[in-house]
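So you know, we letter chains A, B, ... as the sequences are listed, proteins then strands, and number each from 1. Computed from a prediction, not measured in an experiment: that's the story for all the values here. Side chains are part of it too, since the values below use all heavy atoms of this structure and drop only hydrogens, waters and symmetry mates.
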There are 2 protein chains.
Amino acid sequence: MSRMAHPRLPGQPKPPPTLADVAELAGVSRQTVSNAVNNPDLLRADTLARVQQAIQQLGYLPNRAARNLRTRASHLIGLRIQPVQEGTANALMDRFVHALVDTSREAGYHILLFTADTKPADSDAAAPVVDPAVARLGDTVAPVDGAAGYDDLLRSTAVDAFVVTDTYVSNPPVAWLRERRAPFVAFGRPWDDPDARHPWVDVDGAAGAELATTHLIEKGHTRIAWIGWRKDSWIGEDRRSGWVRAMRERGLSTTGMASRVEDTVASGRTAAAHLLDEARPTAFVCASDTLAMGVFHTLNERGLRPGDDVAVVGFDDSQVAQTVPPGLTSVRQPVEQVAAELVKALEALLAHPSYVGPGVMLTPTLHVRGSSGPDLR
Amino acid sequence: MSRMAHPRLPGQPKPPPTLADVAELAGVSRQTVSNAVNNPDLLRADTLARVQQAIQQLGYLPNRAARNLRTRASHLIGLRIQPVQEGTANALMDRFVHALVDTSREAGYHILLFTADTKPADSDAAAPVVDPAVARLGDTVAPVDGAAGYDDLLRSTAVDAFVVTDTYVSNPPVAWLRERRAPFVAFGRPWDDPDARHPWVDVDGAAGAELATTHLIEKGHTRIAWIGWRKDSWIGEDRRSGWVRAMRERGLSTTGMASRVEDTVASGRTAAAHLLDEARPTAFVCASDTLAMGVFHTLNERGLRPGDDVAVVGFDDSQVAQTVPPGLTSVRQPVEQVAAELVKALEALLAHPSYVGPGVMLTPTLHVRGSSGPDLR
DNA sequence: ACCCTGCCCTGGATCGATCCAACATGGTAT
DNA sequence: ATACCATGTTGGATCGATCCAGGGCAGGGT
């Protein structure tokens, strides 16, 4: 079946050299080669050179599986990815994943992807259970709700740790991982538990929204509307608070200027229409580029031009923001920095399992494009 | 006993149960447990049930490292990802990666990401090379040019196979992998070598462009321009040929109606401006959504409305196409099918290393949105 | 000449699952 | 009653790198 040994057929790549091969060629013992690889400073210079020569000559690289087995570490980091949301402009994950792959690579780690799919992935063990009652009975550690996928990887020691990114949607994975004492770091602060003991990195959404709002105020706008997410979204409320802060600071009114909706283009469009009719704003700050595109739709229908007639600012600096005419001004999260901080925390955590780092809060930047419009004064 | 070596620290997760633990609990030998997991039909029903009960009770899952070491397979598939291209609308990879993770999971594989970074990733072995001449001398199998990253993973037996996606940019990885006899499947046909022996899956770009062009013709357009990629892009020329085919079929002229540029918004914008001035098309078919957004820019500058005044069709059905007003009609690649076919080929390849599957060609679909405009007749 | 220290190096055991060949068990043919 | 077979089960060896305890050797002190 799937796991059959691969007998070396004629057309097959030759097996990679092993530590023993290198040792024989260099005329030393295995341990010496191992030291040359892992603790070069333990060897005399000439021995080291000889071993390295042999390593180069054979193109030797340690067998991952053997090393993993012995050291009880896989040097793999698990990352659960969300399904791509069709019809939205959310491109954050894409950039983040890339940054994470790059950064963790420099630290000697690779990223292993998995999804929240319900079907048991590696269900060799759970194959045909004869008596369903038995399965239910013994299933004391079943992967519940949001922890889908994490469990298998952890139990099979496939990964050393996890990077959790969906802390803002809901927190079951975090709670589950914490309870399991599984090593993980989070992109996203622990909203519901301010003194959570796991390392996390987040971007200050309030600062981002404030940046956006202040930018518009400085252009001369005074009637600036907010379109954000529903009240049960911590991130949404956080970003909204930045808008409120900026407005209050300049003594501008926020009453009737805010709308909280689903994160879809259609919702943004409807919200923009209502706001334009009732509050008559000259500018919009949105919790996402998706919502901002909703505003674009409404403006488009009414023959208004983003930028020239009504200013619009989005959030996340998606590809949409970068390419749509006349360019959508947007708040950009420094995902590269996030990845760097996460990996740093990860290394600390794996070195000292009890590590409790301080949460790291990063500040986003504003990318100004045409939709900001001209200065009004 | 065996586990005594590592004194369990207070705050540490308890080590997962092993095969031996299960065997002891179930009162059978290790091999019997192994059989229960891998060849359940070899056991008597009652024994199987007893073992499975023990497995459930302990929450046992085979240790990956040990299994990998013994079976010489990691059940990991390597995927090299490209840096996100800022300022473009290319969102294909995002969807593809997700589809691939999902599909390969069902086949018992996980996806391992890596990048084309130049720095040696896992350079334990290559640490401080004393004599640079030595390194160069022995470096007979150095990872050259486009194969960066593949080499380490292969030599360290970290992955079983690769999925290669960048065959259209240039082919060094493919040539390198083939020469190495490394197992891989490609998303993208082998343009330069029609009788390449590796499994591949691709999407018929010509058919996609033809679909788009025909759609516009049926709306009543006769002057349909093409904005594509430079002539050295196989994919670009392939897509272009679909436009030519559709035009010729209806006896429509293509002279002066085509432009070949870089894949950037700015290029698309310039190309659209020139074409509008000289060839006066009423519709554009573009090789990418990025270029289509360039057309949008030009229309926007001239006070023209996509859809109502000039029809535009893009390629890849990016998030931009889905969210920009009034919606950009676009050709969508069936990446989910691509992933499914790739995984199918991968399984065949890993089961029979000499497997040479037929290339699989899939047909894209057209997603019609506002930018198609109304019927002209 | 002796011992001791420090530096390298060595062989054997180990991680956990699987492969292998041999063995137990119950039932059937001789 | 003995030989035989099929079905299940068993302990030992194995994959390749690392951990561990012990051993060889040169140089310095007495």
- Query: Hey, does the side chain of Tyr60(B) come within less than 4.0 Å of dA17(C)'s phosphate (OP1/OP2), counting only N and O?
  - Reply: yes
- Message: Heavy atoms only, 4.0 Å cut-off, all strands: where does Val33(B) land among base, sugar-phosphate and nothing?
- Response: nothing
- Message: At 10 degrees resolution, what angle do the end axes of the helix from dA1(C)-dT30(D) to dT30(C)-dA1(D) form when each is taken over five base pairs?
- Response: 70°
- Measure from CG on Asp41(A) to P on dC7(C) and round the result to the nearest Å. 12 Å
- Note on the structure: Atom CG of Asn68(A) and atom P of dC15(D) are separated, to the nearest Å, by 18 Å
- Could you give the CG-to-C1' distance, from Leu43(B) to dA6(D), as a whole number of Å? 15 Å
- Message: Just the rounded figure in Å: distance from P of dT18(C) to NE2 of His75(B).
- Response: 10 Å
- Message: Given dC9(C), dG8(D), dC15(C), identify the nucleotide with an atom nearest to the side chain of Arg44(A).
- Response: dC9(C)
- Item | For Phe184(A), all residues meeting ring-ring contact (aromatic ring centres under 6.0 Å, His included), sequence neighbours excluded | His198(A)
- Query: Would you say Arg72(A) reaches dT14(C)'s phosphate, i.e. side-chain N/O to OP1/OP2 under 4.0 Å?
  - Reply: no
- State which residues pass salt bridge (charged side-chain N to carboxylate O under 4.0 Å, His left out) with Asp41(B); sequence neighbours excluded, sorted by chain then number. none
- Note on the structure: Rounded to whole Å, CG of Asn63(B) lies from P of dC15(D) at a distance of 18 Å
- Report the residues that fulfil salt bridge (charged side-chain N to carboxylate O under 4.0 Å, His left out) with Arg178(A), sequence neighbours left out, ordered by chain and then residue number. Asp193(A)
- For atom CD of Glu24(A) and atom P of dT10(C), their distance in whole Å: 13 Å
- Task: Please tell me which of Gly27(B) and Ala20(A) maps to the more 5' nucleotide of DNA chain D, matching each residue to the nucleotide holding its nearest heavy atom.
- Result: Gly27(B)
Just the table, please: protein N/O against nucleotides 19-23 of chain D N/O, every pair under 3.5 Å.
unit_1  : atom_1 : unit_2   : atom_2 : d
dC19(D) : O4'    : Arg70(A) : NH2    : 3.2
dC19(D) : N4     : Gln31(A) : OE1    : 2.7

- Message: Strictly by salt bridge (charged side-chain N to carboxylate O under 4.0 Å, His left out), give each pair with a member in residues 21-32 of chain A just once, sequence neighbours left out.
- Response: none
- Note on the structure: residues 344-354 of chain A vs salt bridge (charged side-chain N to carboxylate O under 4.0 Å, His left out), sequence neighbours excluded, gives Glu341(A)-Lys344(A)
- Item | Residues forming a ring-ring contact (aromatic ring centres under 6.0 Å, His included) with His98(B), sequence neighbours excluded | none
- Item | Presence of salt bridge, Arg50(B) and Asp46(B), under 4.0 angstrom | no
- Message: It should be established whether Thr47(B) places a side-chain nitrogen or oxygen under 4.0 Å from OP1 or OP2 of nucleotide dT9(D).
- Response: yes
- Task: For Asp160(A) and Ser74(A), indicate whether the former's side chain and the latter's backbone hold a donor-acceptor pair under 3.5 Å.
- Result: yes
- Identify which nucleotide among dT18(D), dT10(C), dA17(C) has an atom closest to any side-chain atom of Arg67(A), counting heavy atoms from C-beta outward. dT18(D)
- Message: Using the side chain to side chain contact (heavy atoms under 4.5 Å, CB included) criterion, which residues pair with Ala175(B)? Sequence neighbours excluded.
- Response: none
- Item | Spacing between Leu19(A) atom CG and dG11(C) atom P, to the nearest angstrom | 13 Å
- Message: Does dT10(C) have OP1 or OP2 under 4.0 Å away from a side-chain N or O of Ser29(A)?
- Response: yes
- Message: Counting C-beta onward and ignoring hydrogens, is there a side-chain heavy-atom pair between Pro16(B) and Tyr60(B) closer than 4.5 Å?
- Response: no
- How many Å lie between CG on Leu48(B) and C1' on dT9(D), as a whole number? 14 Å
